[in-house]
**Student:** 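There's a structure below that I have some questions on.
As the structure is a prediction and not an experimental result, all values here were calculated from the model. This chain uses plain numbering: 1 for the first residue, then up along the sequence.
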Amino acid sequence: MTDRMQNDISYEVVRSNRRTTSVHVDRDGRVTVRTPLLMPGYMIERFVLEKQDWIRRAQEKQLRQRNQTPVFQAGGVMPYLGGVLRVATASVRQPECANGVLTLPQSGEIKSHALRWLKAQAKAFLPQRTAYWAQVMGIQPAGITIAYPKTRWGSMSSKGAMRLNAALMHCKPELIDYVIVHELSHRVHLNHSSAFHAHVQRYLPDAKTRRAELMQLNGYLSLLRQE
């Protein structure tokens, strides 16, 4: 058995006396590729690359089947940018993320460590995506705040203050972009009128599909919240 990475997908290779190659995603989002004994590594990598969209969909499906709130503990998983990170603990001082594994300090509460790490990633990633769309749309927010509210992915005040939820980092980039475009559009239309939705669809023609998908992930809003 060998652990490998391909396009941010962590997977295990299991070789045996078989003729075909298959891929399996378990309920925790872990990926196993079963191959013939002598199959070259480059062919395995090509196989995973060809199957990457299916793998990500399968990982998302497994998470949804667990009501979007998988048991969060060492050995569990955390959704991240459309994929999943396996959670581990070790004698580290700060969270470390590499090869599809998020390693957290052994001392303290796992969710607290994970949330601090997630917020740090959000503060680096979300303003960058907002800057991109602000330039594309010609709309600038008065400011951006990264928070962790209980019920909203994002908001825009009448004065142009934009607020984005760190939980967006659980979602794939296409859904993050939808929230950003949605909130920036409120700088033009302060309601949810037909004109507002038309403005969003001007930049994201599939906005309705993205919104419907995002609504299925509302469990992510409280994934790391302390009970």
**Student:** Is Arg129 reaching over with its side chain to a backbone N or O of Ile176, donor-acceptor style, under 3.5 angstrom?
**Tutor:** no

**Student:** Check whether His170 reaches the backbone of Pro79 with its side chain - one donor and one acceptor, N or O, closer than 3.5 Å.
**Tutor:** yes

**Student:** Measure the spacing between CZ of Phe47 and OG1 of Thr21 and express it to the nearest 0.5 Å.
**Tutor:** 5.5 Å

**Student:** Could you tell me whether Lys172 and Glu213 have a side-chain N and a carboxylate O separated by less than 4.0 Å?
**Tutor:** yes

**Student:** Can you tell me if Arg18 has over 12 outside heavy atoms packed within less than 6.0 Å of its CZ?
**Tutor:** yes

**Student:** I want to check something: taking the side chain as every heavy atom from C-beta on, are Met169 and Leu81 in contact at a cut-off of under 4.5 Å?
**Tutor:** yes

**Student:** Is any side-chain heavy atom of Thr32 closer than 4.5 Å to a side-chain heavy atom of Val23?
**Tutor:** no

**Student:** Spell out, yes or no, whether Leu190 and Trp153 are grouped together once hydrophobic residues are joined by side-chain heavy atoms under 4.5 Å, including indirect joins.
**Tutor:** no

**Student:** Is there a path of hydrophobic side-chain contacts, each under 4.5 Å between heavy atoms, that joins Val87 and Val101?
**Tutor:** no

**Student:** Same cluster for Ile110 and Val92 if Ile/Leu/Val/Met/Phe/Trp/Tyr side chains link at under 4.5 Å?
**Tutor:** no

**Student:** Would Tyr42 and Tyr11 show up in the same hydrophobic cluster when neighbours are defined by side-chain heavy atoms closer than 4.5 Å?
**Tutor:** yes

**Student:** Are Val181 and Met137 close enough that some pair of their side-chain heavy atoms sits under 4.5 Å apart?
**Tutor:** yes

**Student:** Would you check, one step at a time, whether the test ring-ring contact (aromatic ring centres under 6.0 Å, His included) holds for Trp117 with Tyr80?
**Tutor:** CA-CA 12 Å; Trp117 180 83; Tyr80 183 69; 5.1 Å; yes

**Student:** I'd like to know if the side chain of Arg163 reaches the main chain of Met156, judged simply by a donor and an acceptor atom lying under 3.5 Å from each other, with no hydrogens or angles considered.
**Tutor:** no

**Student:** Do Ser185 and His199 get their side chains close enough for a donor-acceptor pair, meaning under 3.5 Å?
**Tutor:** yes

**Student:** What I'd like to find out is whether the side chain of Lys208 reaches to under 4.5 Å of the side chain of Gln201, using heavy atoms alone.
**Tutor:** yes

**Student:** Under 6.0 Å between ring centres, would you say that holds for His182 and His192?
**Tutor:** yes

**Student:** For the CG atom of Leu118 and the CG atom of Leu224, what is their distance to the nearest 0.5 Å?
**Tutor:** 6.0 Å

**Student:** Output yes when a side-chain donor or acceptor of Asn165 lies under 3.5 Å from a complementary backbone atom of Arg152, and no otherwise.
**Tutor:** yes

**Student:** Can you check whether Leu85 reaches Cys97 side chain to side chain, under 4.5 Å on heavy atoms?
**Tutor:** yes

**Student:** With no hydrogens and no angle check, is any side-chain donor or acceptor of His113 less than 3.5 Å from a backbone partner on Ser107?
**Tutor:** yes

**Student:** Is it true that, when you exclude Arg211 itself, more than 12 heavy atoms of the residues, nucleotides or ligands shown sit nearer than 6.0 Å to its CZ?
**Tutor:** no

**Student:** Counting only heavy atoms not in Gln94, do more than 12 fall under 6.0 Å of its CD?
**Tutor:** no

